[in-house]
Peer 1: 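Would you mind keeping the following structure in view while I ask a few things?
It should be emphasised that the depicted structure is a prediction, and the values quoted were computed from it without experimental measurement. Excluded from the calculations below are hydrogen atoms, water molecules and symmetry mates; all remaining heavy atoms, backbone and side chain alike, are included.
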Amino acid sequence: MSGQQVGQVISEIRPNCFRREYTGLDGNQVNSDCSSVCPSTKGEWSQAAESGNHPHDGRKPNRLIGAIGNNGSTNCGKEEIIFSFPHMGHYSALVKGVFDSEKTPHFRVVLPPVTTKRTIQIGSQLAEAEMCLPYKITLGNLVESIESNKANRVSMFDSCGDCRLKIYNILHQKTLERNKYPASFFPLRFRRIVKDLKAINPEWKTLQIFRIVFKTARAIWDFDKKEFERYASQKNDGRPKIGFTGEIYTILDERANMDIFKKFRSHGAWVHNAVTLSQFVFKRILGKKYLRNLTRLKRKDLDYHLIEECENESYHYFPRHEIGGHARESIIFALYFAKKKYDLIVHLYPFPCMPEVTVAKFLDHLSQDYRIPLIHLMFDANFGEANLDTRIEASVNMINLRKKFLAAREKDKEITIAHAFLQSGEYPMKQGCYLGIDVGSVSTKAAIINEKLEVINTVYLETKSDPISAMRECIVELKKKVGGSGISIEGVGTTGSGRKLAGILLGADTVTDEITCQTLGCLLSEPKTRTIIEIGGQDSKYIEVDEMGIPVFFNMNNICSAGTGSFFSGTSRRLGIPVEQFGKIATCCSDEVLIAGRCGVFAESDLISKQQAGISKNALIKGLCMSMPRNFLANVAKGRDCIEPIVFSGGVASNEGVVMGFERALKRKVKVMPHNKVSGCIGAAMVAMAKIAREKSTSSFFGFKVADFDYQQKLFRCNDCPNNCEVSVVTKDGKSVKAVFGSRCGKWESLINKEIPPEVAQSGEWHPMLAR
């Protein structure tokens, strides 16, 4: 491209040249929570969604029936080119706007339907399980665009650098061809952009293509510029300040990260995303030569002198080698956030992105050096949204807990973090008792403490896959124990995986994540704790505390349950030995066998093969007790240095064999926390106590009579949009709706506290019209 051509193209581009497109984006923005889509695709997709005719039946992909020529011909008989490409957040609509501005006959650009669970399922069916989430989403986008929008030409960008993204176009093309999808695939490579775009649409002239390239770059910059200005204009008003870094697609596509920015903001956090598409386009693709031709491109949200300093310092953590992806940028921006005194760094990446997996350990070193909390979030097609919600809530709560403790420590250097949380010096605790309930997937627990933080009574029951019945039974047991003692409940807090359900049905004063509650419960008992290990029935947690008692790192297990109590329960049934005896057997047995502990399936297979080889049950049990700590330290603690004092909580802490396994693996003393089974309940009760005292309010707890309420749960699938949400409705006495869960768009929540129509109560059929 000559200098004269560049000048001609640049002269046609103004900073506000895409004002109309931006307005269009805001007005017709693809809604990630419902079935509204781009106007150009709305008709076909709505019809496909309403008819329910989807060529994937959950077993294998089928090709689209019918010829494109019948649907894609113009009046003059020439076939219409319907071109599509995958989503990448809101940038896709910008690129479509650029293509639409360079209209040619017989050519139309369509965007894929909004990315939903169905999209990811399609991509997962057509891909290997080990492929990363961006691969599956983009492949699902192309398939849905072919099926729903009748796209006959699709494309995938071939990125630069050492990243697998550059060969996704090859794999996508092969997959579409092998499954006989009726569309031609065209890779887009920047070094051959003119040739590649002309192959897609032969009617484009060379100058038009140059305009498309520069207009796209300008549109992306203008879009990001608004975000830069918003970040720069926001004041530090005391909210938790969180910086994001990591792999670009996971950060920029709200479906790939489960809308994590919105979730953090809903919890009151101020978020800053330093990774943007414009930075990638100008630095990695266009290069400095083109960057100079586009004026006023300085980001207002970054201190460029500090960024340069961080780039130089990044080589201290990460050697002078490139491993692809955004590994170097992840280190640079993490350093930037640390030097700017952010409260938390969030590192996002898809499973199994090797550049980000590799750099994660360097980020841990950086976090420890700068004493800034850091969490890693790795997304794949099976990552649970509930797990993410817990981590987000815990992150914000940990930051607030840290700030509260530092403020209290300025007045009292000897104060513990548990008492700092209660702020007992600022306002008196209301006399009476406080109830904490932990509704987990395997067990439901409760604890009552008084204003002196003494444990009065506890209850431990199995959930048995029925949290409502378990919670009711828990209240009945508590009523039996304290009903005649004159104890008054002044506040109630809930925690655990079923905390929201329990909070609504009990009329709880607080609903708090289990990580925060476990931390408070353990630090109340052992104020000098540095490491908390918690293993329950279905999940496990690792929490790291600094020398002042401030939580600085935490992690949870993602998918595998090999390192949890439920795996022991399954093994107990197989061996015919009560799980309560495992600990004693393990500590008394002199024999030991190595059991694979990385995965529950492999562990069970290894157990069976060794059992068939004649290994004794006692040796197998000891091997299992020894394998659990290895699994936990590798997959949950992520190889971090567990500093003493180390406390062990959760139901599995009652197994002395596992305690012995941790002490052997760590070569350090591990202390089992008093009331280890209900440590989370103690923390939940403390949260309720602090709220009642701070607000000088009375409890909203319904009382022990809640055990007599008839709560019923109805589960159904909402087919009102492609999300196909599994909605759970909880009713009281079959007359009114008390809680709704699983509705992504939130429309079913409009039924809460409303009477159920008699015909619905009789038939049990919930129609989308009820929520409108």
Peer 1: Is it true that, when you exclude Glu308 itself, more than 12 heavy atoms of the residues, nucleotides or ligands shown sit nearer than 6.0 Å to its CD?
Peer 2: no

Peer 1: Tell me which pairs pass salt bridge (charged side-chain N to carboxylate O under 4.0 Å, His left out) where either residue lies in residues 367-378, with sequence neighbours left out.
Peer 2: Arg371-Asp546, Arg371-Glu547

Peer 1: Within 45 degrees of the axis of the six-membered ring of Tyr342 and under 6.0 Å from its centre: does Lys241 put its NZ or CZ there?
Peer 2: yes

Peer 1: Checking Met556 against Thr390 for the side-chain contact (heavy atoms from CB on, under 4.5 Å) test, could you report, in this order, the C-alpha distance in whole Å, the side-chain angles of both residues, the deciding distance, and whether it holds?
Peer 2: CA-CA 10 Å; Met556 300 173 63; Thr390 298; 3.9 Å; yes

Peer 1: Mind listing the closest non-hydrogen atom pair of Gly268 and Pro240 along with its distance?
Peer 2: O-CD, 3.5 Å

Peer 1: Is there a side-chain contact between Lys638 and His376, using heavy atoms and a 4.5 Å cut-off?
Peer 2: no

Peer 1: Which heavy atom of Thr138 sits nearest a heavy atom of Tyr135, and at what distance?
Peer 2: OG1-O, 3.1 Å

Peer 1: Tell me every residue that passes side-chain contact (heavy atoms from CB on, under 4.5 Å) with Glu102, counting only those two or more places apart in sequence or in another chain.
Peer 2: Trp204, Gln208, Arg211, Ile212, Lys215

Peer 1: Do Asp259 side-chain atoms and Glu254 backbone N/O form a donor-acceptor pair below 3.5 Å?
Peer 2: no

Peer 1: Got Phe383 and Met378 here, is their nearest side-chain heavy-atom distance under 4.5 Å?
Peer 2: no

Peer 1: Are a donor atom and an acceptor atom from the side chains of Asp301 and His272 found within less than 3.5 Å of each other?
Peer 2: yes

Peer 1: So does Glu130 get a backbone contact from the side chain of Glu128, meaning a donor-acceptor N/O pair under 3.5 Å?
Peer 2: no

Peer 1: Does the Lys96 side chain pair with the main chain of Ser84, one donor and one acceptor, at a distance under 3.5 Å?
Peer 2: no

Peer 1: Taking the six-membered ring for Trp, are Tyr349 and His326 closer than 6.0 Å centroid to centroid?
Peer 2: no

Peer 1: Using a 3.5 Å distance criterion without hydrogens, assess whether the side chain of Asn169 forms a donor-acceptor pair with backbone atoms of Met156.
Peer 2: no

Peer 1: Indicate the ring-plane relationship of Phe85 and Phe99, choosing parallel, tilted or perpendicular according to the 30° and 60° boundaries.
Peer 2: tilted

Peer 1: Taking atom types as modelled and ignoring hydrogens, do the side chains of Asn201 and Thr104 form a donor-acceptor contact shorter than 3.5 angstrom?
Peer 2: yes

Peer 1: Within this structure, what is the NZ-CG distance for the pair Lys262 and Asn257, rounded to the nearest 0.5 Å?
Peer 2: 12.0 Å

Peer 1: Between Glu247 and Thr250, do the side chains contain an N or O donor and an N or O acceptor separated by less than 3.5 Å?
Peer 2: yes

Peer 1: How far does CG of Leu126 sit from CG of Leu176, to the nearest 0.5 angstrom?
Peer 2: 8.0 Å

Peer 1: Is the shortest heavy-atom distance from the side chain of Pro373 to the side chain of Phe553 under 4.5 Å?
Peer 2: no

Peer 1: Ignoring hydrogens, what is the shortest heavy-atom contact between Met131 and Leu171? Give both atom names and the distance.
Peer 2: CE-CD1, 3.9 Å

Peer 1: Asp253 side chain to Tyr249 main-chain N or O, any donor-acceptor pair under 3.5 Å?
Peer 2: no

Peer 1: By the salt bridge (charged side-chain N to carboxylate O under 4.0 Å, His left out) test, which pairs, at least two apart or in different chains, include something from residues 355-364?
Peer 2: Asp364-Arg640

Peer 1: For Phe351 and Ala129, work out which heavy atoms get closest and say how close.
Peer 2: CE2-O, 4.3 Å

Peer 1: Before you tell me yes or no, could you show the steps for Lys198 and Thr206 under side-chain hydrogen bond (donor to acceptor under 3.5 Å, both in side chains), namely the whole-Å CA-CA distance, both residues' side-chain angles and the distance that decides it to 0.1 Å?
Peer 2: CA-CA 8 Å; Lys198 279 190 174 183; Thr206 301; 3.1 Å; yes

Peer 1: Strictly by modelled atom types, are Asp224 and Tyr91 linked by a side-chain donor-acceptor pair under 3.5 Å?
Peer 2: yes

Peer 1: Show the numbers, then the answer: is there a side-chain contact (heavy atoms from CB on, under 4.5 Å) between Glu147 and Val143?
Peer 2: CA-CA 6 Å; Glu147 294 173 343; Val143 170; 3.4 Å; yes

Peer 1: Is the charged tip of Arg328 near the ring of Tyr315: under 6.0 Å from the six-membered ring centre and within 45° of its axis?
Peer 2: yes

Peer 1: Inspect the surroundings of NZ in Lys403 and state if more than 12 heavy atoms from other residues, nucleotides or ligands are less than 6.0 Å away.
Peer 2: yes

Peer 1: Which distance, rounded to the nearest 0.5 Å, do you find between the CD1 of Ile392 and the CD of Glu385?
Peer 2: 8.5 Å

Peer 1: Within the structure provided, determine whether His106 and Glu203 are in side-chain contact (heavy-atom separation under 4.5 Å).
Peer 2: yes

Peer 1: Given side-chain contact (heavy atoms from CB on, under 4.5 Å), test Leu139 with Ile122 step by step and report yes or no.
Peer 2: CA-CA 8 Å; Leu139 180 56; Ile122 293 172; over 6 Å; no

Peer 1: Verify side-chain contact (heavy atoms from CB on, under 4.5 Å) between Phe379 and Cys132, making sure each step is shown before the conclusion.
Peer 2: CA-CA 9 Å; Phe379 293 88; Cys132 66; over 6 Å; no

Peer 1: Assess whether a salt bridge exists between Arg218 and Asp222, defined as any Lys/Arg side-chain N lying under 4.0 Å from an Asp/Glu carboxylate O.
Peer 2: yes

Peer 1: Sub-3.5 Å donor-acceptor pair from the side chain of Ser148 to the main-chain atoms of Ser145, do we have one?
Peer 2: no

Peer 1: Take Phe244 and His347, measure what ring-ring contact (aromatic ring centres under 6.0 Å, His included) needs, and give me the verdict at the end.
Peer 2: CA-CA 6 Å; Phe244 285 81; His347 179 216; over 10 Å; no

Peer 1: Is a donor from one side chain sitting under 3.5 angstrom from an acceptor on the other, for Thr115 and Asn141?
Peer 2: yes

Peer 1: Side chains of Asn273 and Leu252: closer than 4.5 Å at any heavy-atom pair?
Peer 2: yes

Peer 1: Determine, stepwise, if the pair Asn152 / Ser184 fulfils side-chain hydrogen bond (donor to acceptor under 3.5 Å, both in side chains).
Peer 2: CA-CA 6 Å; Asn152 50 25; Ser184 301; over 6 Å; no

Peer 1: For Pro319, which residues count as a side-chain contact (heavy atoms from CB on, under 4.5 Å) partner, sequence neighbours excluded?
Peer 2: His321, Phe362

Peer 1: Mind checking whether Thr245 and Ile345 have side chains closer than 4.5 Å, heavy atoms only?
Peer 2: yes

Peer 1: Grab the two heavy atoms, one from Phe264 and one from Ser395, that are nearest each other, plus how far apart they are.
Peer 2: CE2-CB, 4.1 Å

Peer 1: First locate atom NE2 of His90, then atom CG of Leu277, and finally report the distance between them rounded to the nearest 0.5 Å.
Peer 2: 13.0 Å

Peer 1: Quick one: do the Lys300 and Ser233 side chains pair a donor with an acceptor below 3.5 Å?
Peer 2: no

Peer 1: For the residue pair Cys725 and Lys117, establish whether any side-chain heavy-atom pair is separated by less than 4.5 Å.
Peer 2: no

Peer 1: Once side-chain contact (heavy atoms from CB on, under 4.5 Å) is applied, do any residues pair with Arg153, and if so which ones, sequence neighbours excluded?
Peer 2: Ile81, Phe83, Phe186, Pro202

Peer 1: Could you pull out the closest heavy-atom pair between Cys310 and Leu335, with the gap in Å?
Peer 2: O-CD1, 3.4 Å

Peer 1: Just wondering, do Arg108 and Val110 contact through their side chains at under 4.5 Å, heavy atoms?
Peer 2: yes

Peer 1: In sequence, state the C-alpha distance, the side-chain angles, and the governing distance for Asp343 and Arg402, and then conclude on salt bridge (charged side-chain N to carboxylate O under 4.0 Å, His left out).
Peer 2: CA-CA 9 Å; Asp343 296 308; Arg402 176 188 181 94; 5.8 Å; no

Peer 1: Quick test of your reading of the model: are Asp237 and Arg239 salt-bridged, counting only N-O distances below 4.0 Å?
Peer 2: yes

Peer 1: Tell me every residue that passes side-chain contact (heavy atoms from CB on, under 4.5 Å) with Arg265, counting only those two or more places apart in sequence or in another chain.
Peer 2: Arg230, Tyr231, Phe261, Val271

